[in-house]
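As the structure lists them, so they are numbered: ligands from 1, and atoms in each ligand from 1. Bear in mind the structure is a predicted one, so any value in this text is a computation, not a measurement. Numbers here are sequence positions counted from 1.
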Amino acid sequence: MRHTLKAQQFDAKLISVLFKRADELQALSIDKRRHQKLGGLLQGKMMFLVFFEPSTRTRISFAAAGQHLGMQVVSTENAQISSSLVKGESLEDTIQVLSEYQPDVIVMRHFEANAAERAAAVSGVPIINAGDGAGQHPTQALLDLYTIYREAGSMTGLNIALGTDLLHSRALRSLIYLLAKVGGNHLILVSPKELRLASDVKTYLKKRGTTFEETDKLEYALKKADVIYWNRIQKERFTGEIPPQTFVIGPQHLPLIKPEAFIMNALPRIDEILTTVDKDPRAAYFRQAGNGMFIRMALLEWTLELL
Ligand code: NCD
């Protein structure tokens with residue numbers, strides 16, 4: 001079964017197949033006459049979306065991706081308060097029951113790391129991990145790398161600055177794993193000392209030969225970067241005090257950033273990038289979110305063994 005559980009399961013060959021297909025689907029969706037063709041691609045297939053944590057982009061873009069391709073979509077939000085979890089049902093039982101209703105794929109977001117792996121172990125259908133606690137968010141990593149490929153025209157030879165909560169952000173964690181898998185880039189890791197990247201990911205980078213440096217010098221990183229990937233402090237992952245955001249990108253930084261560089265953010269954006277940056281053509285975060293739907297379309301086709 002073609003589960004999507006963690007970013008490092010994807011190799012360069014599959015990534016290139018998915019990106020080419022996402023490009024094709026994006027082109028198809030622009031052309032209104034050919035748009036009707038899209039609706040037949042996954043007709044008769046059914047997707048369940050089960051979200052135990054808040055989401056805007058991931059849930060809606062998966063639902064939209066499925067509907068554009070002709071799938072039937074059954075979706076639950078707030079499953080942490082609206083599902084039988086509240087009565088004490090285990091994740092394993094929930095997934096086994098959902099499998100009985102014969103979906104073709106279950107897309108799941110959960111508040112615990114490794115939840116997707118646990119679900120896959122008992123599921124009768126493919127599981128797509130749409131974020132598991134502070135663990136991973138592999139479909140975000142795919143859409144992020146796809147955005148780098150579209151904006152930079154390449155996936156290698158780049159200085160990529162990544163901030164700001166490297167310890168807790170599952171989006172950053174997954175992207176870093178994927179970048180290590182692809183290879184050929186240099187990473188500039190920007191965070192306060194207490195939010196540095198966990199050692200397991202650093203070990204993986206070293207093993208795969210991807211070079212990186214850790215710094216708390218924002219201006220240095222912005223000047224050197226070809227890609228700037230800037231996420232919020234993940235306040236829901238703290239048990240103690242939440243540190244204030246000290247790495248804020250504002251209009252005063254724009255002259256420092258290379259003309260051909262671009263700024264990404266998994267979103268939601270809180271206070272790490274000021275809204276006055278949005279008008280700059282190098283602000284790529286809304287285009288990035290848009291790319292998410294097309295890469296998820298391609299991923300659904302792959303999951304259903306049609307790619
Ligand atoms: C990310 C997440 O949920 O991990 N959001 C998303 O899916 N775009 C990033 C975040 O919440 O900061």
Side-chain angles (χ1 to χ4, degrees), residues 4-8 22 49-66 75-80 107-116 127-148 161-179 189-192 195 197-198 201 227-238 242-249 263-275 278 283-297 299-300:
T4 293
L5 304 178
K6 50 188 186 175
Q8 60 274 40
L49 293 164
V50 189
F51 277 57
F52 294 90
E53 262 196 348
S55 169
T56 300
R57 278 150 291 275
T58 308
R59 196 173 63 85
I60 305 284
S61 70
F62 258 116
S75 177
T76 169
E77 54 183 323
N78 289 324
Q80 74 278 20
V107 180
M108 186 188 98
R109 171 169 286 190
H110 201 272
F111 45 84
E112 279 170 13
N114 296 321
I127 295 287
I128 297 181
N129 178 5
D132 58 343
Q136 285 229 11
H137 193 354
T139 71
Q140 180 71 43
L142 283 174
L143 85 87
D144 292 341
L145 189 62
Y146 180 56
T147 300
I148 293 173
L162 302 126
T164 60
D165 185 351
L166 292 156
L167 181 60
H168 300 107
S169 169
R170 60 189 174 201
L172 276 162
R173 191 180 170 79
S174 284
L175 178 60
I176 293 170
Y177 270 119
L178 198 59
L179 288 169
L189 305 174
V190 188
S191 72
L195 300 180
L197 190 65
V201 195
V227 181
I228 299 158
Y229 188 98
W230 225 241
N231 277 6
R232 70 187 175 96
I233 290 183
Q234 309 278 304
K235 64 177 189 330
E236 67 275 36
R237 309 278 174 229
F238 287 79
I242 303 163
Q245 179 57 270
T246 47
F247 296 102
V248 180
I249 300 180
I263 309 168
M264 299 171 62
N265 183 321
L267 303 175
R269 174 256 305 274
I270 310 301
D271 51 6
E272 66 285 3
I273 303 174
L274 299 182
T275 53
D278 298 0
Y285 23 93
F286 296 114
R287 297 194 289 277
Q288 178 186 352
N291 287 335
M293 184 176 76
F294 297 103
I295 202 71
R296 287 176 173 129
M297 284 181 177
L299 186 69
L300 285 170

Contact atoms of ligand 1, heavy-atom distance to [X] under 4.0 Å:
X: R232; value: 10 (C), 11 (O), 12 (O)
X: P268; value: 10 (C), 11 (O)
X: R109; value: 3 (O), 7 (O)
X: T58; value: 6 (C), 7 (O)
X: R57; value: 8 (N)
X: R170; value: 2 (C), 3 (O), 4 (O)

Exercise for the section: Output yes when E53 and R170 qualify as a salt bridge under the 4.0 Å nitrogen-oxygen rule, no when they do not. Expected result: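 Salt bridge between E53 and R170, a charged N being under 4.0 Å from a carboxylate O: yes.
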
Problem - salt_bridge(K235, D165) N-O dist < 4.0 Å - result: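 No, K235 and D165 are not salt-bridged.
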
Practice task
Check each heavy atom of R59 against ligand 1 and say whether those closer than 4.0 Å belong to the side chain, the backbone, both or neither.
Solution key: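 Neither; nothing of R59 gets under 4.0 Å from ligand 1.
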
Practice task
Examine the proximity of ligand 1 to Q140 and report which part, side chain or backbone, both or neither, has a heavy atom under 4.0 Å away.
Solution key: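 For Q140, the contact with ligand 1 is made by the side chain alone.
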
Exercise for the section: Given side-chain contact (heavy atoms from CB on, under 4.5 Å), test N129 with Q136 step by step and report yes or no. Expected result: CA-CA 8 Å; N129 178 5; Q136 285 229 11; 4.2 Å; yes

Practice task
Identify which of L267, T56, T139 has a heavy atom lying nearest to atom 6 (C) of ligand 1.
Solution key: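 Answer by nearest heavy atom: L267.
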
Exercise for the section: Hey, can you tell me if F238 and H168 have their rings parallel, tilted or perpendicular (30° and 60° cut-offs)? Expected result: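 Tilted.
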
Close N or O approach ([X], ligand 1; < 3.5 Å):
X: E236; answer: no
X: N231; answer: no
X: A266; answer: yes

If we ignore angles and hydrogens, is there a donor and acceptor under 3.5 Å between the side chains of [X] and [Y]?
X: T164; Y: R232; value: no
X: E272; Y: N231; value: no
X: Q288; Y: D144; value: yes

Handout entry: side-chain hydrogen bond (donor to acceptor under 3.5 Å, both in side chains) partner of H137, the single match among K6, R109, R173
Key =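 Checked K6, R109, R173 against H137; only one passes side-chain hydrogen bond (donor to acceptor under 3.5 Å, both in side chains): R109.
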
